[in-house]
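Contents: one structure, followed by commentary.
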Amino acid sequence: MSVNFSLEGKIALVTGASYGIGFAIASGMAQAGATVVFNDIKQELVDKGIQAYKEAGITAHGYVCDVTNEEQVNATVEKITKEVGPIDILVNNAGIIKRIPMCDMTAAEFRQVIDVDLNAPFIVSKAVIPSMIERGHGKIINICSMMSELGRETVSAYAAAKGGLKMLTRNICSEYGKYNIQCNGIGPGYIETPQTAPLRERQPDGSRHPFDSFIIAKTPAERWLKPEELAGPAVFLASEAADAVNGHILYVDGGILAYIGKQPS
Ligand code: NAP
Ligand code: GCO
């Protein structure tokens, strides 16, 4: 039996994929043969995303949709199914973070992070699973985080959401595995994207941001990772080669979770 990493003939929906990690994962899936569908909240970003995919030689289908809005999500999934075809692969990538000390954070701010990072993957997964059951197969990949395992100051809402997303991943695996649906997570380490740009800004004297130096010391490779480094793991989990992988969180972190951190010289 040959190992099949191909995504030929598959339709992949990657949420929040105009740029960043979602764009890199969608691009990798396109290289593996998938038809790429993505969404963003704003038309201007969808248009920018379509142009960026085009420049990468990819014909992507873009839709305006707020993943926290169940009515919009259901209507968009229906529209995608009519215009492109049924969704075979879902990557719940869209996400936000608010870096605020917990006791300074309002309940509304906490809820907003939970809404995008945890409630939305529930909403979008619920919208695509019935069709996957009907067709006898499906792949769901939830973009988790180091904060699915670890805490740190100022990210209480984000860590709670990403910890919950790890368990939602395991529960979808448990509830729908019998329909040949595999639901796994990818836990990226620290990736160079707009979301982490504030943590990498050079100081006025040109030196590294203290958090930048902190991550360098916590990563065995002594560097931030690139979004493109997540594409291969995502293609693997989306392919038939991973049909027996279910409920697993694949950490693509350069070894951070295995490493106590650089010892003092
Ligand atoms: P990013 O650069 O901030 O991009 C996030 C994307 O999600 C944007 O396209 C954003 O669209 C979209 N989005 C946000 N809220 C949305 C909503 N309600 N509906 C639809 N789209 C929405 O983030 P990233 O670094 O690429 O991260 C992508 C995912 O990886 C997130 O789940 C993040 O938590 C996770 N992650 C990131 C890292 C890292 O180091 N960067 C590490 C681990 C996990 P707008 O531009 O319109 O807001
Ligand atoms: C932060 C970072 C992290 C990364 C990622 C790590 O503020 O610590 O934004 O949360 O986004 O989730 O895996």
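Since the model is a prediction, treat every value here as computed from it, not as a measurement. Each ligand, and each atom within it, is numbered from 1 in the order the structure gives.
Ligand 2 has an N or O atom lying under 3.5 Å from an N or O atom of Tyr158, backbone or side chain. Taking any N or O of Ile97, backbone or side chain, none lies under 3.5 Å from an N or O belonging to ligand 2. Note: an N/O pair closer than 3.5 Å links Val67 and ligand 1 by distance alone. The shortest N or O to N or O distance between Val155 and ligand 2 is not below 3.5 Å.
Using a 4.5 Å cut-off between side-chain heavy atoms of Ile, Leu, Val, Met, Phe, Trp and Tyr, with links allowed through other members, Met146 and Met102 fall into different hydrophobic clusters. The cluster map of Ile, Leu, Val, Met, Phe, Trp and Tyr, joined by side-chain heavy atoms under 4.5 Å apart, puts Ile11 and Met132 in the same cluster.
Closest of all the heavy-atom pairs between Asp66 and Val73 is O-CG2, 3.9 Å. Heavy-atom minimum distance, Pro198 versus Arg99: CG-NH1, 4.2 Å. Shown here for Arg200 and Thr193, the closest heavy-atom pair between the two residues is NH2-O, 2.7 Å.
The distance from ligand 2 to the heavy atoms of Arg99 drops below 4.0 Å at these ligand atoms: 1 (C), 2 (C), 7 (O), 9 (O). Close contacts of ligand 1 with Leu45, meaning ligand atoms under 4.0 Å from a residue heavy atom, involve 45 (P), 46 (O), 47 (O). For ligand 1 and Lys42, the ligand atoms under 4.0 Å from any heavy atom of the residue are 47 (O). Close approach to Ile143 involves these atoms of ligand 1, each under 4.0 Å from a residue heavy atom: 29 (C), 30 (O), 35 (C). Listed by number with element, the atoms of ligand 1 under 4.0 Å from a non-hydrogen atom of Cys144 are 43 (C), 44 (C). Near Arg152, meaning under 4.0 Å from any of its heavy atoms, are these atoms of ligand 2: 1 (C), 7 (O), 8 (O). Of all atoms in ligand 2, listed by their number and element, those nearer than 4.0 Å to a heavy atom of Gly189 are 5 (C), 6 (C), 13 (O). Taking every non-hydrogen atom of Val116 and a distance limit under 4.0 Å, the qualifying atoms of ligand 1 come out as 15 (N). Below 4.0 Å from some heavy atom of Tyr190 lie the following atoms of ligand 1, by number and element: 40 (O). Against a heavy-atom cut-off of under 4.0 Å, Gly20 is close to the following atoms of ligand 1: 26 (O). Set against the non-hydrogen atoms of Met147, the atoms of ligand 2 under 4.0 Å away are 10 (O). Atom numbering of ligand 2 starts at 1 in the shown order; those under 4.0 Å from a heavy atom of Met146 are 6 (C), 13 (O). Per-residue contacts place Ser145 under 4.0 angstrom from the following atoms of ligand 2 (heavy atoms of the residue considered): 5 (C), 6 (C), 12 (O), 13 (O). Near Gly189, meaning under 4.0 Å from one of its heavy atoms, ligand 1 places the atoms 40 (O), 42 (C), 43 (C).
A donor-acceptor pair is defined here as one N or O able to donate and one able to accept, closer than 3.5 Å; no such pair exists between the side chain of Asn39 and the backbone of Tyr63. No side-chain donor-acceptor contact under 3.5 Å links Asp88 to the backbone of Gly138. With Asn93 contributing its side chain and Gly16 its backbone, the two residues share a donor-acceptor pair below 3.5 Å. Between the side chain of Ser145 and the main chain of Lys162, no donor-acceptor pair closer than 3.5 Å is present.
Within the structure, ligand 1 has Asn39 among the residues with a heavy atom less than 4.0 angstrom away. Pro227 does not count as a contact of ligand 1, since none of its heavy atoms falls under 4.0 Å from the ligand. Under the 4.0 angstrom criterion for non-hydrogen atoms, Lys162 is in contact with ligand 1. At least one heavy atom of Cys65 sits under 4.0 Å from some atom of ligand 1. For the ligand labelled ligand 1, residue Trp224 lies outside the 4.0 Å heavy-atom shell. For Gly49, the closest heavy-atom approach to ligand 1 does not fall below 4.0 Å.
The nearest heavy-atom contact from the protein to atom 3 (O) of ligand 1 is Gln195 CB, 3.5 Å. The protein non-hydrogen atom at the shortest distance from atom 11 (O) of ligand 1 is Asp40 OD1, 3.0 Å. Residue, atom and distance of the protein heavy atom nearest to atom 18 (N) of ligand 1 are Asp66 OD1, 2.9 Å. For atom 33 (C) of ligand 1, the closest non-hydrogen atom of the protein is Tyr158 OH, 3.6 Å. Of all protein heavy atoms, the one lying nearest to atom 41 (N) of ligand 1 is Thr193 OG1, 3.1 Å. Looking only at protein heavy atoms, the nearest one to atom 32 (O) of ligand 1 is Asn93 O, 2.7 Å. At the top of the distance list for atom 16 (C) of ligand 1, counting protein heavy atoms only, stands Ile41 CD1, 3.5 Å. If you check which protein heavy atom lies closest to atom 11 (O) of ligand 2, you get Gln195 OE1, 2.8 Å. The single protein non-hydrogen atom nearest to atom 4 (O) of ligand 1 is Tyr19 CE1, 3.6 Å, given as residue, atom name and distance.
When non-hydrogen atoms are compared, ligand 2 lies under 4.0 Å from neither the backbone nor the side chain of Lys162. By the criterion of a heavy-atom distance under 4.0 Å, neither the backbone nor the side chain of Asp253 is placed next to ligand 2.
Between Tyr190 and Trp224, the angle of the ring planes goes over 60°, which puts this pair in the perpendicular group of the 30/60° scheme.
Heavy-atom proximity to atom 37 (C) of ligand 1, evaluated over Ile191, Val14, Ile21, is greatest for Ile21. Compare Gly16, Gly95, Pro194, Ser145 by their heavy atoms: the one nearest to atom 14 (C) of ligand 1 is in Gly95. Remark: among candidates Phe211, Tyr251, Tyr190, the nearest residue to atom 2 (C) of ligand 2 is Tyr190, based on non-hydrogen atoms.
Inter-residue side-chain proximity for Pro188 and Val252 is flagged as unmet; no heavy-atom pair is nearer than 4.5 Å. A heavy-atom distance below 4.5 Å is not found between the side chains of Lys139 and Leu237.
Checking Arg135 against Ser131 by side-chain atom types alone, a donor-acceptor pair falls below 3.5 Å. Residues Asn74 and Gln72 have side chains that never bring a donor and an acceptor to within less than 3.5 angstrom of each other.
Surrounding CD of Glu83 are more than 12 heavy atoms belonging to other residues, nucleotides or ligands, all under 6.0 Å away. Within a 6.0 Å radius of CD in Gln203, more than 12 heavy atoms belonging to other residues, nucleotides or ligands are found. Other residues, nucleotides and ligands contribute over 12 non-hydrogen atoms within 6.0 Å of the CZ atom of Arg152.
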Could you give me the CA-CA distance, side-chain angles and deciding distance for Ser125 and Asn92, then say whether side-chain contact (heavy atoms from CB on, under 4.5 Å) is met? CA-CA 8 Å; Ser125 299; Asn92 283 308; 3.1 Å; yes
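One finds the CD1 atom of Ile129 at 8.5 Å from the CG atom of Leu90 (value rounded to the nearest 0.5 Å). Here CD1 of Ile140 is found 8.5 Å from CG of Leu168. Values are rounded to the nearest 0.5 Å.
With Gln51 as the partner, the side-chain hydrogen bond (donor to acceptor under 3.5 Å, both in side chains) test is satisfied by one option alone out of Lys48, Lys54, Glu55: Glu55.
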